[in-house]
Amino acid sequence: MTKSSKSLLGRFLFQDKGILPTGKLLIAYLLFSGLLLAGTFIGLSWTLIFVLNGLFIIVSLIDLTLSPSKKEIDVKRHIPDQMERGLDYVVELEVMNRSSLGMEFRILDGTPQSFLTSFPLEGKLEKASAGTLTYDVLTPVRGDYNLKKLYLRYRSSLGLWEKQKTVELHDGVKVIPDLTETKKVLESAQQFLLYEGVKIRKQQSGAGEFSKIRNYVLGDDPRKINWRQTAKLREVMTNEYEPEHGKYITILIDCGRMMGAELKKGNRLEKSLEAALTVTAAALQNGDYVSVLAFSKDVKVYIPPAKGMAHLQTILHRIYHLEVDAAESNYAAVLHYVQTVQKKRSLLLLFSDVHTFLHEDSALFYLQRLRKQHLFLTIGIEDETLVKRIKTEPVDSVQAMMKSMAQKQMLVKKREKAKWEKQGLLMVEAREEKLAATAVSYYIDMMNRGLL
């Protein structure tokens with residue numbers, strides 16, 4: 001395709017700028033030409049036909065002048081500079097017509113291919129007026145995006161011609177992980193876990209730091225009654241304890257090949273990032289120090305430990321763009337790296353594929369050494385296909401064979417998990433929609449029991 005033909009095609013595909021005939025003009029011209037051709041049978045001369053064709057073209061060009069000039073039309077875009085993955089957002093387009101002529105127009109925004117939108121947008125403006133159009137956008141892929149152009153087409157008064165204008169509008173958008181569950185934890189961790197249906201584990205009696213004295217309520221431990229205050233106030237008062245603050249939490253995020261397995265919404269890495277941010281929010285709100293390490297065959301990101309809710313934004317902007325690598329994860333190398341950078345006792349929370357991790361015997365050596373100083377927990381997403389195969393009724397020989405193979409894989413996984421757990425290395429699997437709730441639940445349980 002030549003350069004000129006590409007330019008012409010680009011104009012028809014809402015690109016660059018130009019003036020295009022509308023379907024209305026083409027149909028009118030075909031009908032007019034047909035009438036003139038029929039007139040030749042009744043003696044209409046060819047000279048008159050050419051003159052009438054010229055007059056038709058002149059009239060259409062006059063109609064072209066009865067439309068706003070491109071300098072009199074302007075468009076502004078109002079779009080959030082940060083969006084959460086998988087959520088709907090509204091983008092506003094403000095169109096201004098400074099001419100003395102009205103117009104009908106269509107707009108196509110230059111959004112990235114991964115953005116889910118519905119175009120073109122249509123509208124109508126009177127002379128010297130402005131209007132606002134909105135469209136919904138859904139962003140299923142994380143990362144940095146730049147919206148550079150917006151394409152506008154508007155018609156002449158009779159609708160015979162259509163002008164096209166390309167507006168240069170530069171807007172940067174960051175698509176970050178879905179923070180819905182993180183916000184729920186920040187509002188109330190206990191309510192979040194109850195809503196998700198996870199059992200709240202009770203704190204050991206008298207464990208942790210003393211928090212306050214309050215009125216005794218039904219269900220409180222009688223051993224925590226403060227008899228001195230009870231006698232003084234003549235009301236039953238009880239001591240309330242909370243976990244010790246200032247503990248160290250190290251979150252490890254696997255970005256290896258197996259984390260790219262697709263789920264109902266996104267993949268394993270997407271859900272792991274959302275769960276990791278949820279645990280981070282709960283820990284920072286609790287006054288703990290949090291560090292994050294993302295890895296595949298090498299360390300991709302390391303964020304040193306810090307506390308305070310401002311650290312959540314630091315972590316978010318360092319890991320929101322992480323992607324799955326094609327390489328296998330090098331667990332031994334990353335665990336050795338953790339051993340060198342994390343000197344203080346901490347909870348090592350690994351988000352990975354449990355089935356893959358179980359067969360990494362080289363990592364067991366480092367974990368046995370880390371276990372002497374740190375508390376280790378691996379959290380993965382349950383293989384729903386495997387569970388479904390196990391629950392399938394064996395109606396024929398093929399189904400029976402598939403069921404038996406699934407049961408065998410499950411037995412092998414349980415046997416391997418038992419081997420690791422004998423070394424004090426806890427492993428948990430949860431459904432994808434319960435991953436964040438499970439991770440927060442185990443974190444709170446370990447803090448309440450004073451295991452760290």
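All values derive from a computational prediction rather than experimental measurement.
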inquiry  = Give me the atom names and distance for the closest heavy-atom approach of Lys163 to Ser69.
reply    = NZ-CA, 4.1 Å

key: Residue pair Ser291 / Ile251, side-chain heavy-atom distance below 4.5 Å   = no

Met96 atom CE, neighbour heavy-atom count above 12 within 6.0 Å = yes

inquiry  = Nearest 0.5 angstrom please: Arg153 CZ to Leu20 CG, how far?
reply    = 5.0 Å

message = Within the structure provided, determine whether Leu425 and Arg371 are in side-chain contact (heavy-atom separation under 4.5 Å).
response = yes

task = Using a strict 4.0 Å threshold on nitrogen-to-oxygen distance, state whether Arg257 and Asp325 make a salt bridge.
result = no

ask   = What distance separates Leu150 CG from Thr111 OG1, expressed to the nearest 0.5 Å?
value = 9.5 Å

key: Side-chain touch Leu147/His170, heavy atoms, less than 4.5 angstrom   = no

message = If we count only N and O atoms by modelled type, under 3.5 Å, do the side chains of Gln342 and Thr250 hold a donor and an acceptor together?
response = yes

query = Under 30°, 30 to 60°, or over 60°: which ring-plane class applies to Phe376 and Phe357, parallel, tilted or perpendicular?
reply = parallel

task = Start with the C-alpha gap between Ile444 and Met447, add the side-chain angles, then the distance that decides, and say whether side-chain contact (heavy atoms from CB on, under 4.5 Å) holds.
result = CA-CA 5 Å; Ile444 292 176; Met447 295 298 106; 5.7 Å; no

key: Close side-chain approach of Asp136 to Tyr89, heavy-atom, < 4.5 Å   = no

task = Using the side-chain hydrogen bond (donor to acceptor under 3.5 Å, both in side chains) rule, take Tyr331 and Thr356 through it: C-alpha gap first, then chi angles, then the decisive distance, then the call.
result = CA-CA 10 Å; Tyr331 295 102; Thr356 304; 5.4 Å; no

task = Carefully, step by step, assess Lys271 and Leu263 under the rule side-chain contact (heavy atoms from CB on, under 4.5 Å).
result = CA-CA 9 Å; Lys271 287 297 179 181; Leu263 304 172; 3.9 Å; yes

message = Taking Gly143's backbone N and O only, do any of them form a donor-acceptor pair with His321's side chain (distance below 3.5 Å, no angle check)?
response = no

inquiry  = Taking Glu72 first and then Arg98, would you say they form a salt bridge - that is, a charged N and a carboxylate O separated by under 4.0 Å?
reply    = no

query = Which distance, rounded to the nearest 0.5 Å, do you find between the CD of Glu382 and the CD of Glu384?
reply = 6.5 Å

ask   = For the side chain of Tyr154 and the backbone of Glu162, is there at least one donor-acceptor N/O pair under 3.5 Å apart?
value = no

key: Closest contact, heavy atoms only, Ala283 versus Tyr443   = CA-OH, 3.3 Å

task = Indicate, with yes or no, if the rings of Phe295 and Tyr337 have centres closer together than 6.0 Å.
result = no

query = Taking the side chain from His78 and the backbone from Val91, do they hold a donor-acceptor pair closer than 3.5 Å?
reply = no

key: More than 12 heavy atoms of other groups within 6.0 Å of Glu323 CD   = no

ask   = Between Asn146 and Gly172, what is the shortest heavy-atom contact and its length?
value = OD1-CA, 3.8 Å

query = Distance-only, no hydrogens or angles: does the Lys149 side chain make a donor-acceptor pair with backbone N or O of Thr166 under 3.5 Å?
reply = no

task = Apply the side-chain contact (heavy atoms from CB on, under 4.5 Å) test between Val440 and each candidate in Val279, Thr182, Leu435; give the one that qualifies.
result = Val279

inquiry  = I'd like to know if the side chain of His336 and the backbone of Ala332 have a donor-acceptor N/O pair within less than 3.5 Å.
reply    = no

task = Check whether any side-chain heavy atom of Val173 sits under 4.5 Å from a side-chain heavy atom of Asp81, and report yes or no.
result = no

key: Chi angles and distances behind the side-chain hydrogen bond (donor to acceptor under 3.5 Å, both in side chains) call for Tyr135, Asp109   = CA-CA 10 Å; Tyr135 66 89; Asp109 202 352; 2.5 Å; yes

query = Got Leu273 and Ile319 here, is their nearest side-chain heavy-atom distance under 4.5 Å?
reply = yes

Donor-acceptor pair, side chain of Lys70 and main chain of Gln164, under 3.5 angstrom = yes

key: Verdict with reasoning, Tyr442 to Leu426, per side-chain contact (heavy atoms from CB on, under 4.5 Å)   = CA-CA 11 Å; Tyr442 273 89; Leu426 184 61; 4.0 Å; yes

key: Pairs involving residues 338-352, ordered by first then second residue, that meet salt bridge (Lys or Arg N to Asp or Glu O under 4.0 Å) (sequence neighbours left out)   = none

query = Is a donor on one side and an acceptor on the other found under 3.5 Å between the side chain of Arg155 and the backbone of Glu104?
reply = no

key: Smallest separation among heavy atoms of Tyr151 and Gly110, with atom names   = CE1-CA, 4.4 Å

request  = Quick one: closest heavy-atom pair of Ile253 and Leu269, and the distance?
outcome  = CG2-CD1, 3.9 Å

query = Residues in side-chain hydrogen bond (donor to acceptor under 3.5 Å, both in side chains) with Glu429, at least two apart?
reply = Lys413

message = Applying the salt bridge (charged side-chain N to carboxylate O under 4.0 Å, His left out) criterion to Glu270, which one of Arg85, Lys265, Lys264 satisfies it?
response = Arg85

key: Contact check, side chains of Thr180 and Lys184, non-hydrogen atoms, under 4.5 Å   = yes

ask   = Under 3.5 Å, side chain of Asp171 to main-chain N/O of Lys148, donor-acceptor pair present?
value = no

task = In sequence, state the C-alpha distance, the side-chain angles, and the governing distance for Asn239 and Tyr216, and then conclude on side-chain hydrogen bond (donor to acceptor under 3.5 Å, both in side chains).
result = CA-CA 9 Å; Asn239 294 334; Tyr216 180 88; over 6 Å; no

ask   = How far does CG of Leu348 sit from CG of Leu377, to the nearest 0.5 angstrom?
value = 9.5 Å

inquiry  = Tell me the closest heavy-atom pair linking Asp288 and Lys247, and the distance in Å.
reply    = OD1-N, 3.0 Å

ask   = Does a salt bridge link Lys183 with Glu84, judged by any charged N lying under 4.0 Å from a carboxylate O?
value = yes

query = How many angstroms lie between atom OG1 of Thr132 and atom CG of Leu93, to the nearest 0.5 angstrom?
reply = 9.0 Å

inquiry  = Under the criterion side-chain hydrogen bond (donor to acceptor under 3.5 Å, both in side chains), I'd like the reasoning laid out for Asp220 against Thr238: C-alpha separation, chi angles, the key distance, then a yes or no.
reply    = CA-CA 8 Å; Asp220 284 340; Thr238 183; 4.9 Å; no

task = Output the distance between atom CD (Gln409) and atom CG (Leu386), rounded to the nearest 0.5 Å.
result = 5.5 Å

task = May I have the step-by-step check of side-chain contact (heavy atoms from CB on, under 4.5 Å) for Met103 and Lys124, ending in yes or no?
result = CA-CA 6 Å; Met103 67 173 188; Lys124 186 176 182 180; over 6 Å; no

message = Whether the side chain of Ser272 engages the backbone of Arg268 through a donor-acceptor N/O pair (distance < 3.5 Å, no angle test) should be reported.
response = yes

ask   = Is Glu262 atom CD crowded by more than 12 heavy atoms from other residues, nucleotides or ligands, each under 6.0 Å away?
value = yes

key: Donor + acceptor pair across side chains of Ser329, Asp254 (<3.5 Å)   = yes

query = So, does Thr438 use its side chain to make a donor-acceptor pair with the main chain of Lys434 at under 3.5 Å?
reply = yes

ask   = Under 4.5 Å between any side-chain heavy atoms of Glu92 and Arg77, yes or no?
value = no

